[in-house]
**Q** 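To start, I am sharing the structure in question, which I have written as structure tokens.
Here the structure is a predicted model, which is why all the values come from computation and not from measurement.
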Amino acid sequence: MSLPAGSCLGHYEIVGPLGAGGMGEVYKARDTRLERLVAIKVLPEHLSDDPARRERLEREAKAVSQLNHAHICTLHDIGSENGIDFLVMEHLEGETLADRLARGALPLDEVLRYAAQIAEALDAAHRGGIVHRDPKPGNIMITKAGVKLTDFGLAKLQSVPVEVGSAAPTAAKPLTQEGAVMGTVPYMAPTRATTFHWMVGSL
């Protein structure tokens, strides 16, 4: 799917592409009602008719809409137009942590600052009953205000939020196949990475 500049999804006018991945394509767009720039995420064309992928997009919307944190990308809207399901998020000026690391190592003070902000974002999501499951450098934007955690497409929602000192929440109905390991291997939690390597080794 390629959305040309000038085309519209509802009252959002496409400006140009921002990036693409296995879970979606992201475009820079203009909110013609509020006169602001936004980022729009749509499903790739080959996945747009997949009910599970559409449900995952809706789950991402539900996940992000529950979170209000300085280091988590804000969701503005969700919609469907001409068979295209999409999310509307805040437009972030900056670069991904992956792009920044491609130019070389970060100074120690920046490493510590960004690590603390990422941890705060993940903690806020977890307290809201949401496990991100793919906090790789490509899903972390560096802006003037600090880092922003993005792309909750693989997020796992729990039925209830986590409170300090409480028992672990009950998991919501999974969208992944039983036994499947979702995420990017080098950035998985050690327990999930171990499971992945065990599964691969048993093939």
**Q** Indicate yes or no: does D151 engage K136 in a salt bridge with an N to O separation below 4.0 Å.
**A**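 Answer for the salt bridge query: no.
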
**Q** Between L67 and M141, is there a shared hydrophobic cluster once you connect ILVMFWY residues whose side-chain heavy atoms come closer than 4.5 Å?
**A**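 Cluster IDs for L67 and M141 differ.
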
**Q** Salt bridge (charged side-chain N to carboxylate O under 4.0 Å, His left out) for R36 and E90? Distances and angles first, verdict last.
**A** CA-CA 9 Å; R36 63 179 176 182; E90 66 174 314; over 6 Å; no

**Q** So how far is it from I72 CD1 to K148 NZ, rounded to the nearest 0.5 Å?
**A**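 Reported to 0.5 Å precision, the distance equals 9.0 Å.
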
**Q** Would V88 and I78 satisfy side-chain contact (heavy atoms from CB on, under 4.5 Å), going step by step from the backbone distance to the final call?
**A** CA-CA 6 Å; V88 183; I78 183 172; over 6 Å; no

**Q** Are the side chains of L9 and N82 in touch, meaning some heavy atoms are under 4.5 Å apart?
**A**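 Of all side-chain heavy-atom pairs linking N82 with L9, none is under 4.5 Å.
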
**Q** I'd like to know if V26 and L87 are part of one continuous hydrophobic network [Ile/Leu/Val/Met/Phe/Trp/Tyr, side-chain heavy atoms within less than 4.5 Å].
**A**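 Different hydrophobic clusters.
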
**Q** Please examine the side chains of H126 and V131, heavy atoms only from C-beta on, and report whether any two atoms are closer than 4.5 Å.
**A**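 Heavy-atom side-chain distance check passes, below 4.5 Å.
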
**Q** Can you name the nearest heavy-atom pair linking P4 to S2, along with the distance?
**A**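 So the two residues come closest at CD-O, 3.3 Å.
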
**Q** Which heavy-atom pair separates L75 from A61 by the least distance, and what is that distance?
**A**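 Reported closest heavy-atom pair: CD2-O, 3.3 Å.
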
**Q** Kindly state each residue pair satisfying ring-ring contact (aromatic ring centres under 6.0 Å, His included) with at least one member in residues 59-99, sequence neighbours excluded.
**A**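 Those involving residues 59-99 are H69-H71.
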
**Q** In Å and rounded to the nearest 0.5 Å, what is the CG to NZ distance from D85 to K41?
**A**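 Taking CG in D85 and NZ in K41, the distance rounds to 12.5 Å.
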
**Q** Look up atom SG in C8 and atom CZ in R30, then write down how far apart they are to the nearest 0.5 Å.
**A**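 It comes to 8.5 Å.
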
**Q** Nearest 0.5 Å please: distance from the CG atom of D134 over to the OG1 atom of T150.
**A**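 These two atoms lie 9.5 Å from each other.
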
**Q** List the residues meeting side chain to side chain donor-acceptor pair (under 3.5 Å) with T32, not counting sequence neighbours, and say none if there are none.
**A**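 T32: no side chain to side chain donor-acceptor pair (under 3.5 Å) contacts found.
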
**Q** Using the side-chain contact (heavy atoms from CB on, under 4.5 Å) criterion, which residues pair with L101? Sequence neighbours excluded.
**A**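 If we apply the side-chain contact (heavy atoms from CB on, under 4.5 Å) test to L101, skipping adjacent residues, the hits are L97, L106, P137.
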
**Q** Using 0.5 Å steps for rounding, measure from the SG atom of C73 to the CG atom of N139.
**A**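 Answer for the SG-CG pair, C73 versus N139, is 11.0 Å.
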
**Q** If you compare all heavy atoms of I14 against all heavy atoms of L3, which two are closest, and at what distance to 0.1 Å?
**A**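 Shortest heavy-atom contact: CG2-O, 3.8 Å.
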
**Q** Check for me, please, whether I84 and L18 land in the same ILVMFWY cluster - side-chain distances under 4.5 Å, paths through other members count.
**A**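 No; L18 is not reachable from I84 via cluster members.
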
**Q** Sequence neighbours left out, what pairs pass salt bridge (charged side-chain N to carboxylate O under 4.0 Å, His left out) with at least one residue falling in residues 65-83?
**A**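 The answer is none; no pair qualifies.
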
**Q** With side chains defined as the heavy atoms from C-beta onward, is the minimum distance between I130 and Q66 less than 4.5 Å?
**A**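 With C-beta onward as the side chain, the pair touches.
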
**Q** Is the shortest heavy-atom distance from the side chain of V15 to the side chain of Y27 under 4.5 Å?
**A**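 Heavy-atom side-chain distance check fails, nothing below 4.5 Å.
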
**Q** Answer with yes or no whether the hydrophobic clustering places V111 together with Y114; edges join I, L, V, M, F, W, Y residues whose side-chain heavy atoms lie under 4.5 Å apart.
**A**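 Shared cluster, yes.
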
**Q** Could you tell me which non-hydrogen atom of H11 sits nearest to which non-hydrogen atom of D31, and how far apart they are?
**A**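 Looks like CD2-OD1, 3.1 Å.
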
**Q** Supply the atom-to-atom distance I118 CD1 to H132 NE2, rounded to the nearest 0.5 angstrom.
**A**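 Answer for the CD1-NE2 pair, I118 versus H132, is 10.5 Å.
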
**Q** Could you pull out the closest heavy-atom pair between A98 and G138, with the gap in Å?
**A**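 Shortest heavy-atom contact: CB-N, 3.8 Å.
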
**Q** Any donor and acceptor pair, going by atom type alone, linking the side chain of Q117 with main-chain N or O of V147 inside 3.5 Å?
**A**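 Yes, Q117 side chain to V147 backbone: donor-acceptor pair under 3.5 Å.
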
**Q** What heavy-atom pair brings A29 and I40 nearest, and what distance separates the two atoms?
**A**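 Closest approach of A29 to I40: CB-CD1, 3.7 Å.
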
**Q** By side chain to side chain donor-acceptor pair (under 3.5 Å), which residues pair with E58, not counting sequence neighbours?
**A**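 Side chain to side chain donor-acceptor pair (under 3.5 Å) list for E58, sorted by chain: empty.
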
**Q** Please collect all side-chain hydrogen bond (donor to acceptor under 3.5 Å, both in side chains) contacts where either partner lies in residues 93-109, sequence neighbours excluded, each pair once.
**A**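 Non-adjacent pairs meeting side-chain hydrogen bond (donor to acceptor under 3.5 Å, both in side chains): E95-R103, T96-D99.
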
